[in-house]
Amino acid sequence: MSTRQVCLRCRILEIMETVDQYVIPAPSVPCLPVRNRRAGFPVHRIYCVGRNYAAHAIEMGHDPNRESPFFFLKNPDNLVTDGGDFPYPAKTEDVHHEVELVVAIGKGGRDIDSDEALDHVWGYAVGLDMTRRDLQAEMKKSGRPWEVSKAFEHSAPCSAVVPASEIGHPVEGRVELRVNGDVRQQGNLNQLIWKVPEIVSCLSGWFELRPGDLIMTGTPAGVGPVKRGDLVECSIDGVGELATRVV
């Protein structure tokens with residue numbers, strides 16, 4: 001390549017670098033805070049496990065026996081962080097709380113063996129799967145997807161992530177949710193029908209997991225409605241706490 005060609009190529013690259021990379025402003029990367037660290041945890045996708053506590057399956061009218069896990073999705077920009085408010089959504093009269101252990105994936109992969117699954121987990125958090133229950137019932141009745149009931153704006157309040165390197169991989173611990181101080185949900189991580197390694201392994205058979213993926217692992221019994229003005233407080237022993245105000 002001649003000197004002139006090299007200079008021309010460099011000039012083209014300089015021009016390209018000055019041109020906007022996107023035709024519209026690029027969205028920001030959703031991020032969760034990490035406990036006691038300045039750096040955050042960037043979020044790629046949010047997977048949710050349905051009916052993963054027997055008592056919750058019963059209260060929702062389903063068989064509590066162990067069946068193959070099923071998954072649905074929320075959007076990363078559904079997250080509410082730092083104790084932010086939960087705005088009561090439109091087109092519903094029945095919004096329910098569901099407290100869950102959240103698994104934060106640090107290393108991706110396909111068809112991950114359950115014996116190696118915890119090597120892919122970076123940390124854990126406390127999350128809320130807020131649900132427009134009336135719309136979910138309508139979608140179930142008509143055989144349609146759940147997105148309008150699950151993946152609406154602000155539907156995924158979440159605490160800071162705590163690294164597994166600090167707390168290990170919890171297999172038991174009280175899970176609790178209170179509304180205005182009254183206990184609504186109580187359970188224990190040891191009641192999960194599908195444990196975290198099994199969830200990671202099964203999910204990676206359906207999707208290629210990526211660093212930054214979150215997995216909401218299911219909720220214990222006691223789900224119920226919230227109204228404007230309610231203070232929802234959640235905790236999981238050894239993992240953390242979360243609070244949000246319904247506005």
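Here the structure is a predicted model, which means the values were calculated and not measured.
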Do the side chains of Leu189 and Val175 get nearer than 4.5 Å, heavy atoms only? yes

So, applying side chain to side chain contact (heavy atoms under 4.5 Å, CB included) with Thr92, which one of Val148, Thr131, Asp134 is it? Asp134

Over 60° means perpendicular and under 30° means parallel, so classify the ring planes of Phe70 and Trp146, tilted if in between. perpendicular

Side chain to side chain, Phe86 and Leu128, heavy atoms closer than 4.5 Å: no

Leu203 vs Ile112 side-chain heavy atoms within contact, under 4.5 Å: no

Do Ile46 and Leu209 belong together in a cluster built from hydrophobic side chains that touch within less than 4.5 Å? no

How many angstroms lie between OG in Ser201 and NZ in Lys195, if you round to the nearest 0.5 Å? 15.5 Å

Are Glu176 and Arg178 ion-paired here, with the side-chain N under 4.0 Å from a carboxylate O? yes

When you measure from the side chain of Gln185 to the backbone N and O of Pro220, does any donor-acceptor pair fall under 3.5 Å? yes

Side-chain donor-acceptor pairs under 3.5 Å in residues 72-84, sequence neighbours left out?
unit_1 : atom_1 : unit_2 : atom_2 : d
Lys74  : NZ     : Asp129 : OD1    : 2.8
Lys74  : NZ     : Met130 : O      : 3.3
Lys74  : NZ     : Lys150 : O      : 2.5
Lys74  : NZ     : Ser155 : O      : 3.2
Lys74  : NZ     : Ser155 : OG     : 3.2
Asn78  : OD1    : Asn75  : N      : 2.8
Asn78  : ND2    : Phe152 : O      : 3.1

Please step through side-chain hydrogen bond (donor to acceptor under 3.5 Å, both in side chains) for the pair Asn190 and Asn188, ending with a clear verdict. CA-CA 5 Å; Asn190 61 21; Asn188 195 294; 3.3 Å; yes

Ala104 and Phe41 have their tightest heavy-atom pair at CB-CZ, 3.6 Å

Is there a side-chain contact between Val232 and Val226 in this structure, where contact means two heavy atoms from C-beta onward sitting under 4.5 Å apart? yes

Residues in side-chain hydrogen bond (donor to acceptor under 3.5 Å, both in side chains) contact with Ser204, at least two apart in sequence or another chain: none

For side chain to side chain contact (heavy atoms under 4.5 Å, CB included), just list the numbers for Leu32 and Val43, CA-CA rounded to whole Å, side-chain angles, deciding distance to a tenth of an Å, and then say yes or no. CA-CA 7 Å; Leu32 287 178; Val43 178; 4.1 Å; yes

Between Pro163 and Arg37, is there a side-chain heavy-atom distance shorter than 4.5 Å? yes

Pairs where residues 107-121 contributes a residue and the test side-chain hydrogen bond (donor to acceptor under 3.5 Å, both in side chains) is met, not counting sequence neighbours: Arg110-Glu208

Counting C-beta onward and ignoring hydrogens, is there a side-chain heavy-atom pair between Trp122 and Ile105 closer than 4.5 Å? no

Is Val239 reachable from Leu242 through a run of I, L, V, M, F, W or Y residues, each pair having side-chain heavy atoms under 4.5 Å apart? yes

Tell me whether Val29 shares a hydrophobic cluster with Val102, the cluster being built from Ile, Leu, Val, Met, Phe, Trp, Tyr side chains joined at under 4.5 Å. no

Transitively linked via ILVMFWY side-chain contacts under 4.5 Å: Tyr124 with Leu177? yes

Just one of Glu98, Glu93, Glu138 clears the salt bridge (Lys or Arg N to Asp or Glu O under 4.0 Å) bar with Arg133, so which one? Glu98

How about Val103 and Leu214: do any of their side-chain heavy atoms sit closer than 4.5 Å? no

Indicate the atoms forming the closest heavy-atom contact of Tyr88 with Asp94, along with that distance. OH-N, 3.5 Å

Kindly work out whether a path of hydrophobic side-chain contacts (I/L/V/M/F/W/Y, heavy atoms less than 4.5 Å apart) joins Met216 to Ile193. no

Do Tyr53 and Thr217 come close enough that some side-chain heavy atom pair is under 4.5 Å? no

Could you report the tightest heavy-atom contact between Phe71 and Cys202, atom names first, then the distance? CE1-SG, 4.0 Å

Scan side-chain atoms only and decide if His44 and Arg210 contain a donor-acceptor pair under the 3.5 Å cut-off. no

Taking all heavy atoms of His169 and all of Ala164, pick out the closest pair and write down the distance. CE1-CB, 3.6 Å

With distance as the sole test, does Thr219 use its side chain to make a donor-acceptor pair with the main-chain N or O of Val99 at under 3.5 Å? yes

Check against side chain to side chain contact (heavy atoms under 4.5 Å, CB included), Val126 and Leu101: CA-CA 5 Å; Val126 183; Leu101 174 72; over 6 Å; no

Arg132 side, atom CZ; Met139 side, atom CE - distance, nearest 0.5 Å: 9.5 Å

Inter- and intrachain pairs under salt bridge (Lys or Arg N to Asp or Glu O under 4.0 Å), touching residues 219-230, at least two apart: Lys227-Asp230

Closest heavy-atom pair, Pro30 versus Ser28, reported as atoms and distance to 0.1 Å, is CD-O, 3.3 Å

Which heavy atom of Ile167 sits nearest a heavy atom of Gly238, and at what distance? CD1-O, 3.5 Å

Partners meeting salt bridge (charged side-chain N to carboxylate O under 4.0 Å, His left out) with Asp213 (sequence neighbours left out): Arg45

Kindly state each residue pair satisfying side-chain hydrogen bond (donor to acceptor under 3.5 Å, both in side chains) with at least one member in residues 233-247, sequence neighbours excluded. none

